[in-house]
Amino acid sequence: MAAKKILVTGGAGFIGYHLCKKLSTLTDNLTIYDDLSSGKMENVKDVPTAKFVKGDILDLKTLCGLPKQDLIYHLAAQVVVPYSMENPLIDFDTNAKGTLCVLEKARKDDAKLVFASSAAVYGNPSQLPTSEEYGFHPFSCYGLSKVVGEEYCQMYKEQYGLDIVITRFANVYGLRCHGVIHDFLDKLAKNSDKLEIIGTGQQSRDFVHVSDVVDLLATVGSLEKANGETYNVGLGKTIKIIDLAKMMLTILGLQNKTIVTTTGVSWQGDIHTIWFNNAKAKKELGWNPKVTLEDAIKEVIADRKLKV
Ligand SMILES: NC(=O)c1ccc[n+]([C@@H]2O[C@H](COP(=O)([O-])OP(=O)(O)OC[C@H]3O[C@@H](n4cnc5c(N)ncnc54)[C@H](O)[C@@H]3O)[C@@H](O)[C@H]2O)c1
């Protein structure tokens, strides 16, 4: 990968930051392209060897004006499911049309593209654990805009012969992440007597650590046999949110102090269970996610210890 020119859209975001950190050890030609709508300059600064271009993926002129790339990781997206239900057009523009713009850049450069898709394309699957063949049953505008992104990837693969890898992430977490683990820690930092879960607590998630996700992304970026393939990227285990809350309270020593409540009602588009069958990535890529949820929660808590 050493001589490769690599572009990461969304490189200032949570997963993008961890990916760029890793890629910066593999290439001298790394560019981060991000409009900083949710990404952070702090993440960019912590990858000092990367070139940073502040730009919108919908701005085709700026995107295509970048130097020719060999490999593009497309992570930039609107990632909030409730926001997608309130603002379907904005979500579509960023995730569907934005992906098409990035594909145009890949076509112009004849670059390989790795696309970050999501468990949301499966909706509420009747097959658990869910494998790649389950197909598209999106349940939110976010899920649908990711489906459209994937379909355009397939079209560009078939019609223009581009090398494309689709990676579908379960719930990615780790340092600098957003999402339920950090929400719980934020709430506990404000008041450790009470922890309110949005929804019933019966929703279940497959949590995969960002270091394992980055390992897989680095592998598919350089492996020719991954071209044209779609991979589930999850730990292959699922945990109910109520049990996650209990696990976190036990780690924090708050199990006898904090009262856990639920709102009973979740947000529109919320999926009940995410549980990935990750056999394909294990078999074809030799990928073996290593980080357990409990160890990683301890890591996140240790990182924020002064604030909880
Ligand atoms: N975090 C997860 O659990 C998870 C799960 C499934 C899929 N994904 C996918 O992984 C990718 C990265 O997610 P993340 O968790 O790091 O999210 P994030 O919000 O931290 O990162 C997304 C980045 O994209 C940038 N961005 C958004 N719109 C842009 C635009 N129009 N032009 C340029 N940059 C733009 C943001 O500023 C941000 O830096 C996304 O495509 C997301 O859909 C994430």
Side-chain angles (χ1 to χ4, degrees), residues 7-21 31-47 50 52-63 66 72-81 83-84 87 89-102 105 113-122 130 138 140-150 153 166-183 205-214 216-217 230-235 269 271 274 276 293 296:
L7 176 70
V8 180
T9 72
F14 158 54
I15 301 171
Y17 156 69
H18 289 277
L19 175 64
C20 289
K21 197 96 191 142
T31 303
I32 295 171
Y33 189 85
D34 198 301
D35 68 355
L36 298 180
S37 50
S38 68
K40 297 189 178 123
M41 206 50 213
E42 170 199 339
N43 289 340
V44 173
K45 283 188 181 143
D46 285 350
V47 191
F52 175 58
V53 178
K54 185 169 185 276
D56 188 331
I57 48 171
L58 291 162
D59 176 0
L60 201 54
K61 196 168 164 229
T62 306
L63 190 60
L66 297 176
I72 300 173
Y73 286 96
H74 175 40
L75 274 64
Q78 185 303 111
V79 305
V80 183
V81 172
Y83 183 89
S84 80
N87 305 278
L89 288 170
I90 299 174
D91 177 78
F92 180 87
D93 274 350
T94 307
N95 293 0
K97 192 174 171 196
T99 298
L100 187 53
C101 291
V102 178
K105 168 68 175 160
L113 184 124
V114 179
F115 177 52
S117 187
S118 163
V121 301
Y122 297 130
T130 312
S140 64
C141 292
Y142 169 74
L144 183 53
S145 63
K146 285 288 182 184
V147 168
V148 175
E150 284 201 25
C153 285
I166 293 170
T167 53
R168 293 181 185 145
F169 303 156
N171 281 74
V172 188
Y173 72 104
L175 298 182
R176 304 192 187 196
C177 79
H178 39 76
V180 64
I181 292 172
H182 277 259
D183 287 350
R205 294 290 179 265
D206 182 328
F207 288 99
V208 60
H209 194 262
V210 67
S211 61
D212 287 320
V213 174
V214 163
L216 180 135
L217 290 172
T230 299
Y231 294 102
N232 274 351
V233 189
L235 192 62
I271 293 171
I274 298 176
F276 271 9
L293 181 58

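We're numbering straight along the sequence, starting at 1. Computed from a prediction, not measured in an experiment: that's the story for all the values here. Below, all heavy atoms of this structure are taken into account, side chains as well, without hydrogens, waters or symmetry copies. Each ligand, and each atom within it, is numbered from 1 in the order the structure gives.
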Are any of the N/O atoms on [X], whether in the backbone or the side chain, positioned under 3.5 angstrom from an N/O atom of ligand 1?
{"X": "Ile57", "result": "yes"}
{"X": "Tyr33", "result": "no"}
{"X": "Lys40", "result": "no"}
{"X": "Val172", "result": "yes"}
{"X": "Ala76", "result": "no"}
{"X": "Phe169", "result": "no"}
{"X": "Gln78", "result": "no"}
{"X": "His74", "result": "no"}
{"X": "Lys146", "result": "yes"}
{"X": "Asn171", "result": "no"}

Suppose we measure from [atom] to each protein heavy atom; which comes out shortest, and what is that distance?
{"atom": "atom 31 (N) of ligand 1", "answer": "Asp56 OD1, 2.9 Å"}
{"atom": "atom 44 (C) of ligand 1", "answer": "Ile15 CD1, 3.7 Å"}
{"atom": "atom 22 (C) of ligand 1", "answer": "Ala77 O, 4.0 Å"}
{"atom": "atom 14 (P) of ligand 1", "answer": "His178 NE2, 3.8 Å"}
{"atom": "atom 37 (O) of ligand 1", "answer": "Asp34 OD1, 2.6 Å"}
{"atom": "atom 19 (O) of ligand 1", "answer": "Ser38 OG, 2.9 Å"}
{"atom": "atom 35 (C) of ligand 1", "answer": "Asp35 OD1, 3.1 Å"}

With heavy atoms of [X] as the reference, note each atom of ligand 1 found under 4.0 Å away.
{"X": "Gly13", "value": "20 (O), 21 (O), 38 (C), 39 (O)"}
{"X": "Gly39", "value": "36 (C), 37 (O), 38 (C), 39 (O)"}
{"X": "Leu36", "value": "37 (O)"}
{"X": "Gly55", "value": "32 (N), 33 (C)"}
{"X": "Thr94", "value": "28 (N), 31 (N)"}
{"X": "Ala116", "value": "10 (O), 11 (C), 41 (O)"}
{"X": "Ser117", "value": "6 (C), 7 (C)"}
{"X": "Tyr142", "value": "7 (C), 8 (N), 42 (C), 43 (O)"}

| request: Have a look at ligand 1 and work out which part of Val79, if any, has a heavy atom under 4.0 Å from it: side chain, backbone, both or neither. | output: side chain

| message | Checking contacts here: is it the side chain or the backbone of Ala170 that comes within 4.0 Å of ligand 1, counting heavy atoms only? Could be both or neither. | response | backbone

| task | Run down the list Ile274, Leu75, Asn43 and name the one with the heavy atom closest to atom 12 (C) of ligand 1. | result |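 Considering heavy atoms of Ile274, Leu75, Asn43, the nearest to atom 12 (C) of ligand 1 sits in Leu75.
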
| task | Check Tyr33 against Leu7 and note the closest heavy-atom contact, atom names and distance. | result |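 It is CB-CD1, 3.9 Å.
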
Under the 3.5 angstrom rule, does the side chain of [X] hit a backbone N or O of [Y] as a donor-acceptor pair?
{"X": "Gln78", "Y": "Val80", "value": "yes"}
{"X": "Asn43", "Y": "Ala12", "value": "yes"}
{"X": "Thr9", "Y": "Ala76", "value": "yes"}
{"X": "Asn232", "Y": "Thr130", "value": "yes"}
{"X": "Asp59", "Y": "Thr62", "value": "yes"}

| Ion pair check, Arg176 and Asp46, cut-off under 4.0 Å |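 Here Arg176 pairs with Asp46 in a salt bridge, since their nearest N and O are under 4.0 Å apart.
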
| message | Check for me whether Ser37 has a heavy atom closer than 4.0 Å to any atom of ligand 1. | response |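 Yes.
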
| request: Would you check, one step at a time, whether the test side-chain contact (heavy atoms from CB on, under 4.5 Å) holds for Thr167 with Leu216? | output: CA-CA 9 Å; Thr167 53; Leu216 180 135; 3.8 Å; yes

Compare all side-chain heavy atoms of [X] with those of [Y] and state whether any distance is below 4.5 angstrom.
{"X": "His182", "Y": "Cys177", "value": "yes"}
{"X": "Leu19", "Y": "Lys21", "value": "no"}
{"X": "Val180", "Y": "Phe207", "value": "yes"}

| request: Under the side-chain contact (heavy atoms from CB on, under 4.5 Å) rule, what do Val79 and Thr94 come out as? Steps first, then yes or no, please. | output: CA-CA 10 Å; Val79 305; Thr94 307; over 6 Å; no

| Is the Tyr122 ring parallel, tilted or perpendicular to the Phe276 ring (thresholds 30°, 60°)? |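 Aromatic pair Tyr122/Phe276 classed perpendicular.
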
| task | Kindly compute the distance separating OH (Tyr142) from OG (Ser118), expressed to the nearest 0.5 Å. | result | 4.0 Å

| Ser211 versus His18, side-chain donor and acceptor atoms under 3.5 Å | no

| field | Any donor-acceptor N or O pair under 3.5 Å, side chains Asn95, Ser145 | value | yes

| In this structure, which one of Leu75, Leu58, Ile57, Leu60 forms a side chain to side chain contact (heavy atoms under 4.5 Å, CB included) with Val102? |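 Filter result, single survivor: Ile57.
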
